[in-house]
Trainee: 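Shown below is the structure under consideration.
All residue numbers in this chain count up from 1 along the given sequence.
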Amino acid sequence: MKATIVAASAALMLTAAAASAAEPGSWSTRWTGPHGGIYEGSGKCADGACQSSGTFIGPHGGVWHHTGNAHQVAPGQWTGEGQIVAPGGGTLQHSWTWHRAGI
(Lines give C-alpha, C1' and ligand atoms only; values in the text may rest on other atoms or scores of the structure.)
Protein backbone atom coordinates (compact mmCIF):
# COMPACT_ATOMS: atom_id res chain seq x y z
CA MET A 1 0.00 0.00 0.00
CA LYS A 2 2.80 2.47 0.84
CA ALA A 3 4.39 1.95 -2.55
CA THR A 4 1.05 2.63 -4.22
CA ILE A 5 0.61 5.90 -2.33
CA VAL A 6 4.16 7.05 -3.03
CA ALA A 7 3.83 6.16 -6.72
CA ALA A 8 0.47 7.93 -7.00
CA SER A 9 1.81 11.00 -5.23
CA ALA A 10 4.91 11.13 -7.44
CA ALA A 11 2.85 10.65 -10.59
CA LEU A 12 0.49 13.42 -9.54
CA MET A 13 3.32 15.86 -8.84
CA LEU A 14 5.04 15.06 -12.14
CA THR A 15 1.79 15.60 -14.00
CA ALA A 16 1.27 18.93 -12.26
CA ALA A 17 4.83 20.00 -12.98
CA ALA A 18 4.74 19.08 -16.65
CA ALA A 19 1.32 20.64 -17.25
CA SER A 20 1.97 23.81 -15.32
CA ALA A 21 4.74 25.08 -17.58
CA ALA A 22 2.20 25.56 -20.35
CA GLU A 23 -1.03 26.03 -18.42
CA PRO A 24 -0.99 28.01 -15.17
CA GLY A 25 -4.18 27.70 -13.15
CA SER A 26 -5.90 25.21 -10.92
CA TRP A 27 -7.00 21.60 -11.39
CA SER A 28 -8.70 18.75 -9.59
CA THR A 29 -8.82 15.00 -10.12
CA ARG A 30 -10.63 11.95 -8.83
CA TRP A 31 -9.87 8.34 -9.67
CA THR A 32 -10.67 4.86 -8.46
CA GLY A 33 -7.87 2.31 -8.26
CA PRO A 34 -8.05 -1.25 -9.58
CA HIS A 35 -8.80 -2.64 -6.10
CA GLY A 36 -11.37 0.00 -5.13
CA GLY A 37 -9.29 2.72 -3.46
CA ILE A 38 -10.36 6.30 -4.23
CA TYR A 39 -8.09 9.31 -4.70
CA GLU A 40 -9.26 12.93 -4.78
CA GLY A 41 -6.82 15.78 -5.16
CA SER A 42 -6.37 19.30 -6.39
CA GLY A 43 -3.68 21.86 -6.97
CA LYS A 44 -2.72 25.14 -8.53
CA CYS A 45 0.22 26.46 -10.51
CA ALA A 46 1.47 29.99 -11.14
CA ASP A 47 4.79 31.61 -12.00
CA GLY A 48 6.73 28.34 -12.14
CA ALA A 49 5.47 26.95 -8.82
CA CYS A 50 2.76 24.38 -8.05
CA GLN A 51 1.07 23.21 -4.87
CA SER A 52 -1.12 20.10 -4.57
CA SER A 53 -2.94 18.12 -1.93
CA GLY A 54 -5.15 15.08 -1.89
CA THR A 55 -6.68 12.21 0.02
CA PHE A 56 -6.53 8.51 -0.76
CA ILE A 57 -9.07 6.19 0.86
CA GLY A 58 -7.81 2.64 0.61
CA PRO A 59 -10.00 -0.29 -0.37
CA HIS A 60 -10.01 -1.42 3.29
CA GLY A 61 -10.81 2.03 4.71
CA GLY A 62 -7.42 3.52 5.59
CA VAL A 63 -7.13 7.24 4.81
CA TRP A 64 -3.89 8.79 3.56
CA HIS A 65 -3.30 12.53 3.00
CA HIS A 66 -0.62 14.13 0.85
CA THR A 67 0.62 17.66 0.26
CA GLY A 68 3.36 18.75 -2.09
CA ASN A 69 5.09 21.56 -3.92
CA ALA A 70 6.95 21.71 -7.22
CA HIS A 71 9.19 24.48 -8.55
CA GLN A 72 10.54 25.08 -12.03
CA VAL A 73 14.30 25.55 -11.67
CA ALA A 74 15.08 25.93 -15.40
CA PRO A 75 13.28 25.33 -18.70
CA GLY A 76 12.20 21.68 -18.67
CA GLN A 77 13.57 21.08 -15.15
CA TRP A 78 11.54 20.78 -11.95
CA THR A 79 12.16 19.88 -8.34
CA GLY A 80 9.61 19.10 -5.67
CA GLU A 81 8.92 17.88 -2.18
CA GLY A 82 5.95 16.43 -0.39
CA GLN A 83 4.60 14.72 2.66
CA ILE A 84 2.24 11.77 3.05
CA VAL A 85 0.41 11.19 6.35
CA ALA A 86 -0.64 7.59 6.95
CA PRO A 87 -3.80 6.40 8.73
CA GLY A 88 -1.93 5.93 12.04
CA GLY A 89 -0.37 9.40 11.88
CA GLY A 90 3.05 8.35 10.61
CA THR A 91 4.58 10.56 7.92
CA LEU A 92 6.68 9.97 4.85
CA GLN A 93 8.57 12.91 3.37
CA HIS A 94 9.94 12.72 -0.16
CA SER A 95 11.64 14.89 -2.75
CA TRP A 96 12.21 14.51 -6.48
CA THR A 97 13.67 16.12 -9.58
CA TRP A 98 12.46 15.91 -13.15
CA HIS A 99 14.29 16.78 -16.37
CA ARG A 100 12.68 16.70 -19.80
CA ALA A 101 14.69 14.56 -22.20
CA GLY A 102 16.93 16.46 -24.58
CA ILE A 103 17.48 19.47 -22.33
Side-chain angles (χ1 to χ4, degrees):
M1 180 61 78
K2 287 181 185 178
T4 301
I5 300 300
V6 172
S9 179
L12 185 62
M13 288 303 298
L14 287 174
T15 300
S20 68
E23 299 179 27
S26 61
W27 51 269
S28 63
T29 187
R30 175 182 163 82
W31 51 263
T32 301
H35 301 289
I38 298 171
Y39 175 82
E40 291 187 29
S42 62
K44 61 182 179 177
C45 299
D47 300 321
C50 298
Q51 298 83 36
S52 69
S53 63
T55 300
F56 177 78
I57 301 171
H60 304 291
V63 178
W64 303 69
H65 301 281
H66 91 82
T67 57
N69 297 295
H71 312 279
Q72 187 173 24
V73 294
Q77 298 180 12
W78 291 79
T79 185
E81 60 278 335
Q83 178 175 305
I84 298 170
V85 180
T91 60
L92 170 68
Q93 295 183 337
H94 60 280
S95 61
W96 54 270
T97 58
W98 179 79
H99 300 259
R100 186 172 44 204
I103 292 182

Trainee: Once salt bridge (charged side-chain N to carboxylate O under 4.0 Å, His left out) is applied, what residue pairs with a partner in residues 34-50 remain, sequence neighbours excluded?
Mentor: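 As it turns out, the salt bridge (charged side-chain N to carboxylate O under 4.0 Å, His left out) pairs with a partner in residues 34-50, which skip direct neighbours, are R30-E40.
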
Trainee: To the nearest 0.5 Å, how far apart are NE2 in H66 and OG in S53?
Mentor: 6.5 Å

Trainee: Check each of T67, T91, L92 against I84 using the side-chain contact (heavy atoms from CB on, under 4.5 Å) test, and report the only one that passes.
Mentor: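 The option that passes is L92.
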
Trainee: Can you classify the ring geometry of F56 versus W31 as parallel (below 30°), tilted (30 to 60°) or perpendicular (above 60°)?
Mentor: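 Plane angle between 30° and 60°, so tilted.
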
Trainee: Kindly write out the residues that satisfy side-chain contact (heavy atoms from CB on, under 4.5 Å) with S28, not counting sequence neighbours, or none if the list is empty.
Mentor: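 Partners of S28 under the side-chain contact (heavy atoms from CB on, under 4.5 Å) test: S42.
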
Trainee: Does any N or O in the side chain of T55 come within less than 3.5 Å of the main-chain N or O of G41, such that one atom is a donor and the other an acceptor?
Mentor: no

Trainee: In chain order, what residues pass the side-chain contact (heavy atoms from CB on, under 4.5 Å) check against T32, with sequence neighbours excluded?
Mentor: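 Result, side-chain contact (heavy atoms from CB on, under 4.5 Å) vs T32: I38.
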
Trainee: Nearest 0.5 Å please: distance from the CH2 atom of W78 over to the NE2 atom of H99.
Mentor: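 Between W78 CH2 and H99 NE2, I get 13.0 Å after rounding to 0.5 Å.
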
Trainee: Can you name the closest pair of heavy atoms from G54 and Y39 and give their distance?
Mentor: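 Closest approach of G54 to Y39: CA-OH, 3.6 Å.
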
Trainee: I need the C45 SG to Q72 CD distance, nearest 0.5 Å.
Mentor: 10.0 Å

Trainee: To the closest 0.5 Å, what do you measure between CD (Q83) and NE2 (H94)?
Mentor: 9.5 Å

Trainee: Do Q77 and H71 meet the criterion of a side-chain donor-acceptor pair at a distance under 3.5 Å?
Mentor: no

